[in-house]
Amino acid sequence: MPFLSDCHRSTCFPFFAQSFWYNFIVLEKAYDPKAVEDAIYASWEKSGAFKPESCPKDGEPFTISMPPPNATGQLHLGHAVMLALEDIFIRYARMNGKRALWVPGTDHAAIATENVVIKRLKEQGMKDPRKELGREKLIATIAEFVEESKATIRSQVRKMGSSCDWSRERYTFEPSLNRCVNEVFVKMHADGLIYRGHRIVNWDPKLQTTVSDDEVVYKEEKGVFFTFQYGPFQISTARPETKFGDKYVVMHPDDKRYKRYKHGDTFEAEWINGPVRATVIKDESVDPEFGTGVMTITPWHDHIDFEIAERHGLEKEQIIGFDGRLLEIAGEFFGKKIEEARPLIVEKLKAKGLLVKADENYVHNKAVSQRGGGSIEPQIKLQWFIDVNKEVVPWQQKGSKKAEKMSLKQIMHSVVHHGDVEIIPDRFGKTYFHWIDNLRDWCISRQIWWGHRIPVWYRGTDTAVGAKAPGPEWNQDEDTLDTWFSSALWTWSTLVDPKKAADSTLSLEEILKQSPDFQAFHPTAVMETGYDILFFWVARMILMTTYATGQIPFKTVYLHGLIRTRDGRKMSKSDPETMIDPLDMISKYGADALRLSMIVGQSAGADSRLYEEKIAGYRNFINKLWNASRFVLMQCEQAGIDPKMIDKLPENASLSLADRAVLHASECLIADITKGLSAYSLSEAGDRLYSFVWDYFCDWYLELSKGTANHAVLVHVLRRILKLLHPYCPFVTEQLWGQVKKTEDGALILQSWPAPHEKRKDAKAFADLQVLIDVISSIRKLRNDHNVEPGKEITVTIVGKKFCELLESQEAHIRRMCKVGSLTFTTDSVKVENAASAFLSDIEIHLSLAGLFDAGKLKESLLREQAELTKYVSGLQGKLSNKSFVDKAPKELVDEQKTKLAETEEKLKKIEERLKNL
RNA sequence: GGGCAAUUAGCUCAGCUGGUUAGAGCGCCACAUUGACAUUGUGGAGGUCACAAGUUCGAAUCUUGUAUUGCCCACCA
């Protein structure tokens, strides 16, 4: 059987045959990631290994769209964890012979980027950059800034070891993606899914733009809750400044207190600027339990009030201007800012005797802009919206025979409900459905300049929709699109052929049909991102992509959690002490260590805590692996064997117990890691690799192989480890691979994932080695317990019973690893004077303590063990004497407990004998 | 107000479909320094698995309730 027959792609890349990293003949004593990472990355990139063209042509496509970082600045830990996870997915897929494509890119991040640049310009002394520069110049300035940022991000993504295809890098604001945005807008408009209307929107007076519902956050704030007399009613409010135009009082139709007032009744009330005529409205949305059960409404500045006004066809009046100042309707308060006007208005009402109560301890939620941080003022404004309820999109649900017309909401619901899109962890599915249930029409227009311009043109009362002006006298819409409109297309707009996208004669459908990458790589396999943008982005990708392409954007959504500080706080820019900069960590501990620290011990969708000791711990692991490899290489060197020439593994029959055991263990390891990675259980699989390498391979196999090394097995198992570990720690494994790979093999990144060889399994050897390990551990413990000097050779008698032959065959190991001078094996129990003893299952170990013998101490330790075992035995006896247990528990379990009881009782007997003889 | 999650060693976390004498890493204690590795090795201490009730022969694990913490959604005039 050829050794490592699974390296079928070994000859694809001649570049690697004389690769740069063969400089090291003897490895350095400690691994220095800084010295090698950049060069390894460069060689991967240069070789074309990141491109799907390097994968087998008949491989199944496996695509990941990298969530594009905002082209505004620095990579943070959120990006780092995303890159680490996706790189593991993609490397694993690649090694499994799939045509793996990972598309990188950046996002123009409309509001965020414009803000950053405007802030900078202001810091440089500009008072109002928008006014001073004008639209074109501001856009040019931002574009320049973005180019710098992109360069920074690119280099940082590389630092993480991300094996993405840079030749396919995209940017949400480049021409081909802009074409897709325009085409989708036009298509949606034609289908009646995009409309323009006067609706209530979230207006950010600070940023001077609307924002979407998802960009509004609520902050708890303590304020004053005023109750005023309003005609015959008492009404309460926290916002008296909005009350100028109020001319409706609303109450629940069933509220008995107000039974005598009929819907439509009018009355006169003295109010802020004199008497007003008000109308009674009965509406079920009013909660009779809250306050007085009566309220006045301000439809222009409140979502709920707007809805009530719409229901009853009431008038709406604007009170607050878009600059956040009161309008003329406020009379003497005209032009005043809200904070300024509020106390004055209250004062005036009080003077009129209309203030009934002022509750100072009122806590309410204040709407704040997530981006700008300023107060959100609901306003009625002429804006563009996506209709999420109109049932006009043909969609064929899983399991149904033909396409039906569905709404965007319904499609979004359907694809997740039917499992076309699987969300990991699945509990986020619930969150997603809940969000859809509450989804209102999506306001997509923004009053900022940095972004995709709305492809709509006006001439007088004429309107035309399309990317190009129908004629010279037409003016384009001033607004731009919400940034999520363009990033919602990301999984496929990045796969569109830019040449086809530049051809204005083609329709969107034709562009997609004629784009080879789209045809080959869409839908993508997995979307990996933070759960915090499930709504912003993931949901919108599903919405837009199913509509525009008829395909789901991805089959699996894998959501990761937030990375927090050691004490569970959010890392924030405003508090630099809490921040861990991934680049600092890479330069200190290496990218591999950082990657492991963010993956192992973390589960999907859960927040995790990161701190430097954790990263250092994984750095130690990487170094352990390095030194294990160093050991293997030194063994080969001493024997005059070139590890690169090692090709065949001897037949099992000719191998030592330890060799057979480690081969068995490594075969089992393959199965476990493969299963774990296929199921996206990265933490479990990573943990398994960690303990295999450290606790089994290094601590036992390498120790046992000292003096009796089988070079073929050493190199074979090491190669296996490097392959299995490669997705997690690409740099160090690639570096070491260069030392131990077969000469004709190429880089590790393109090696095939190992398949288990059943013939190499030997469970008996594995179990036998465990017996030896237990014996060695027990002798070491005896030495330690009885303070035997570390250098002192000891005399040991082992009563091996059925294991006698096995242990005798491993005598040399026992002698060396426990510093045993005189070692005697017997089949039957013997009496050893002045000895400390350990009792394993069917094995007794007696360590002669001549000269060191301390009867008191020995007695003490025996008594302790006796107590422990007695407790255990009584537990087992209790179980076994319980009839229901014996009757109902599975037979194997009962037998197992019986065996354990017998063994433990035997041990106890021995201990009692020893105690008697002391 | 509605929903979701967490609670296991000093700290950070595993423990999957109920059966382990409840595990790991870091930290701690003792010992070890020229042969892969002190970014190390050997051995050890340390846990009523938040609490209560229930289901079961058997519960860290399942059910219900309670408490504490965190998050998401709704937005109360």
Side-chain angles (χ1 to χ4, degrees), chain A residues 27 29-31 216 218 225 235-239 242 250 285-287 289-298 302-305 308 364-367 425 427-428 430-431 434-435 437-438 531-532 534-535 561-562 564 566-568 589 593 600-603 605-611 613-614 616-635 638 679 681 683-684 687 690-691 695 698-699 702-703 706 777 780-785 787 789-791 817-818 868-869 871-872 875-876 879 882-890 892-894 896-897 900 904:
Chain A
L27 296 180
K29 207 166 172 182
Y31 174 54
V216 179
Y218 293 90
F225 193 53
I235 55 119
S236 301
T237 183
R239 301 201 57 192
T242 63
V250 191
S285 66
V286 178
D287 176 9
E289 306 292 314
F290 188 89
T292 59
V294 183
M295 65 180 193
T296 59
I297 55 168
T298 315
D302 186 282
H303 287 93
I304 304 286
D305 294 0
I308 294 172
H364 66 128
N365 282 324
K366 183 180 161 192
R427 66 186 141 87
F428 281 99
K430 266 189 200 167
T431 322
H434 186 245
W435 180 78
D437 291 343
N438 288 305
Y531 66 71
D532 52 327
L534 176 63
F535 307 142
L562 228 66
R564 295 171 173 276
R566 181 177 201 138
D567 44 356
Y589 302 105
V600 180
Q602 322 298 344
S603 46
D607 290 356
S608 61
R609 302 174 187 209
L610 189 68
Y611 39 89
E613 298 99 291
K614 204 185 253 183
Y618 288 104
R619 184 269 319 265
N620 296 352
F621 169 70
I622 304 273
N623 193 54
K624 187 77 180 174
L625 175 70
W626 178 265
N627 274 289
S629 310
R630 191 162 167 254
F631 173 79
V632 172
L633 290 169
M634 285 169 83
Q635 295 293 312
Q638 279 166 22
S681 304
S683 176
E684 265 177 289
D687 199 44
Y690 182 102
S691 66
D695 305 336
C698 291
D699 286 354
L702 292 190
E703 290 303 326
K706 281 178 182 170
S777 297
R780 283 172 173 173
K781 184 164 160 21
L782 285 175
R783 290 187 67 121
N784 242 291
D785 286 353
N787 297 331
E789 275 173 53
M817 293 176 76
C818 304
E868 266 172 36
L869 292 179
K871 205 173 138 198
Y872 183 43
L876 287 174
K879 246 189 211 178
N882 183 341
K883 197 170 174 295
S884 342
F885 172 74
V886 180
D887 288 350
K888 293 186 183 171
E892 310 86 69
L893 185 74
V894 177
E896 195 188 309
Q897 305 286 311
K900 273 187 186 168
T904 318

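Note that these values count all heavy atoms, side chains included, but never hydrogens, waters or copies made by symmetry. First the proteins, then the strands, lettered A, B, ... as listed; each starts at 1.
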Gap between atoms CG and P, on Leu610(A) and rC26(B) respectively (whole Å): 16 Å
Could you tell me how far rU63(B) sits from rG19(B) if I compare only their P atoms? Round to whole Å. 15 Å
Grab the CG-P distance between Leu893(A) and rG58(B) for me, whole Å please. 14 Å
Think Lys781(A) has a side-chain N or O under 4.0 angstrom from the OP1 or OP2 of rG43(B)? no
Any donor-acceptor pair under 3.5 Å joining the side chain of Asn882(A) to the base of rC57(B)? no
Roughly how far apart, to the nearest Å, are rA14(B) and rU7(B) at atom C1'? 15 Å
Atom-pair distance (OH on Tyr218(A); C1' on rC71(B)), nearest Å: 18 Å
Quick one: list whatever passes side chain to side chain contact (heavy atoms under 4.5 Å, CB included) with Pro890(A), sequence neighbours left out. Glu892(A), Leu893(A)
If you measure from the C1' atom in rG2(B) to the same atom in rA59(B), how many Å do you get, rounded? 31 Å
Rounded to whole angstrom units, what separation is found between the CD atom of Glu684(A) and the P atom of rA14(B)? 11 Å
Considering only atom P, compute the distance from rC49(B) to rG10(B) and round it to an integer number of Å. 13 Å
Roughly how many Å apart are rG3(B) and rA74(B), using the C1' atom of each and rounding to a whole number? 10 Å
Select one nucleotide: of rG70(B), rA14(B), rU42(B), the one nearest the side-chain heavy atoms of Ser603(A). rA14(B)
State the CZ-CE distance between Phe290(A) and Met295(A), to the nearest 0.5 angstrom. 10.0 Å
Less than 4.5 Å apart, any side-chain heavy atom of Phe225(A) and any of His364(A)? no
Is there a donor-acceptor pair closer than 3.5 Å between any side-chain N or O of Arg564(A) and the backbone N or O of Leu610(A)? no
Could you state the atom-to-atom distance from OH of Tyr531(A) to P of rC72(B) in whole Å? 7 Å
Check the orientation of Tyr531(A) and Phe428(A). Use parallel for under 30°, tilted for 30 to 60°, and perpendicular for over 60°. parallel
Can you measure from OG (Ser777(A)) to CG (Asn784(A)) and round to the nearest 0.5 angstrom? 11.5 Å
Could you list all N or O pairs between the protein and nucleotides 6-12 of chain B that sit under 3.5 Å apart?
{"from": "rC11(B)", "atom 1": "O2'", "to": "Arg566(A)", "atom 2": "NE", "distance (Å)": "3.0"}
{"from": "rC11(B)", "atom 1": "O2'", "to": "Arg566(A)", "atom 2": "NH2", "distance (Å)": "2.8"}
{"from": "rU12(B)", "atom 1": "OP1", "to": "Arg609(A)", "atom 2": "NH1", "distance (Å)": "3.0"}
{"from": "rU12(B)", "atom 1": "O4'", "to": "Tyr611(A)", "atom 2": "OH", "distance (Å)": "3.0"}
{"from": "rU12(B)", "atom 1": "O2'", "to": "Tyr611(A)", "atom 2": "OH", "distance (Å)": "3.4"}
{"from": "rU12(B)", "atom 1": "O2'", "to": "Lys614(A)", "atom 2": "NZ", "distance (Å)": "3.1"}

Would you indicate whether Glu896(A), at its atom CD, is surrounded by more than 12 heavy atoms from other residues, nucleotides or ligands within a distance under 6.0 Å? yes
To the nearest Å, how far apart are Met817(A) CE and rU42(B) P? 9 Å
Test side chain to side chain donor-acceptor pair (under 3.5 Å) applied to Gln635(A) - qualifying residues, sequence neighbours left out: none
Map Pro890(A) and Ala238(A) onto RNA chain B by nearest heavy atom, then report which one ends up closer to the 5' terminus. Pro890(A)
I'd like to know whether Asn627(A) forms a side-chain contact (heavy atoms from CB on, under 4.5 Å) with Arg630(A), so could you lay out the CA-CA distance, the side-chain angles of the two residues, the decisive distance to 0.1 Å, and finally the verdict. CA-CA 5 Å; Asn627(A) 274 289; Arg630(A) 191 162 167 254; 3.4 Å; yes
Whole-Å P distance, rA45(B) and rA6(B): 32 Å
Below 4.0 Å: OP1/OP2 of rC76(B) and any side-chain N or O of Asn365(A): no
When you compare the protein's N or O atoms with those of nucleotides 33-36 of chain B, which come within less than 3.5 Å of each other, and at what distance?
{"from": "rA36(B)", "atom 1": "OP1", "to": "Lys706(A)", "atom 2": "NZ", "distance (Å)": "3.4"}
{"from": "rA36(B)", "atom 1": "O3'", "to": "Arg630(A)", "atom 2": "NH1", "distance (Å)": "3.2"}
{"from": "rA36(B)", "atom 1": "O2'", "to": "Asn627(A)", "atom 2": "OD1", "distance (Å)": "2.7"}
{"from": "rA36(B)", "atom 1": "O2'", "to": "Arg630(A)", "atom 2": "NH1", "distance (Å)": "2.6"}
{"from": "rA36(B)", "atom 1": "N7", "to": "Lys706(A)", "atom 2": "NZ", "distance (Å)": "3.3"}
{"from": "rA36(B)", "atom 1": "N6", "to": "Glu703(A)", "atom 2": "OE2", "distance (Å)": "3.0"}
{"from": "rA36(B)", "atom 1": "N3", "to": "Asn627(A)", "atom 2": "O", "distance (Å)": "3.0"}
{"from": "rA36(B)", "atom 1": "N3", "to": "Ala628(A)", "atom 2": "N", "distance (Å)": "3.4"}

The nucleotide from rG25(B), rC4(B), rG43(B) with an atom nearest the side chain of Tyr690(A) is rG25(B)
Counting any heavy atom closer than 4.0 Å, what does Phe225(A) reach on the DNA or RNA strands: base, sugar-phosphate only, or nothing? sugar-phosphate
Among rA74(B), rC72(B), rG43(B), find the nucleotide with the atom closest to the side chain of Asn438(A). rA74(B)
Just by distance, do the side chain of Asp607(A) and the backbone of Leu562(A) share a donor-acceptor pair under 3.5 Å? yes
Identify each atom pair where a protein N or O and an N or O of nucleotides 20-22 of chain B are less than 3.5 Å apart, giving names and distance.
{"from": "rU21(B)", "atom 1": "OP1", "to": "Tyr872(A)", "atom 2": "OH", "distance (Å)": "2.5"}
{"from": "rU21(B)", "atom 1": "OP1", "to": "Lys900(A)", "atom 2": "NZ", "distance (Å)": "3.1"}

Pairing string of RNA chain B (Watson-Crick or G-U wobble, both atom distances under 3.5 Å; | = paired to other strand) is (((((((..((((.....[...)))).(((((.......))))).....(((((..]....))))))))))))....
To the nearest 0.5 Å, atom OG1 of Thr298(A) lies from atom CG of Asp305(A) at 5.5 Å
Distance in angstrom units between Arg619(A) CZ and rU40(B) C1', rounded: 12 Å
Assuming nearest nucleotide by heavy-atom distance, tell me which of Ile304(A) and Asn620(A) is located more 5' along RNA chain B. Asn620(A)
Identify whether any heavy atom of Gly561(A) sits under 4.0 Å from a base atom; if not, whether one sits that close to sugar-phosphate; answer base, sugar-phosphate or nothing. nothing
Under 4.0 angstrom, heavy atoms only, what part of the nucleic acid is Val286(A) near: base, sugar-phosphate, or nothing? base
Would you please classify the geometry between the Tyr690(A) ring and the Tyr618(A) ring as parallel, tilted or perpendicular, with 30° and 60° separating the classes? perpendicular
Look at all strands and tell whether Gly601(A) reaches a base, only sugar-phosphate, or nothing, counting heavy atoms closer than 4.0 Å. sugar-phosphate
Could you grab the distance from atom OG of Ser285(A) to atom CD1 of Ile308(A), nearest 0.5 Å is fine? 3.5 Å
With P as the reference atom in both, quote the distance from rG41(B) to rU33(B) in angstrom, rounded to an integer. 16 Å
Determine the interatomic distance between P on rC26(B) and the same-named atom on rU42(B); round to the nearest Å. 12 Å
Rounded to the nearest angstrom, tell me the gap between atom CG in Leu534(A) and atom P in rC73(B). 10 Å
Rounded to the nearest 0.5 Å, how far does NZ of Lys624(A) lie from CG of Asp695(A)? 9.5 Å
Could you measure the distance from the OH atom of Tyr589(A) to the NZ atom of Lys614(A)? Nearest 0.5 Å is fine. 14.0 Å
Given rG70(B), rC73(B), rA32(B), identify the nucleotide with an atom nearest to the side chain of Pro790(A). rA32(B)
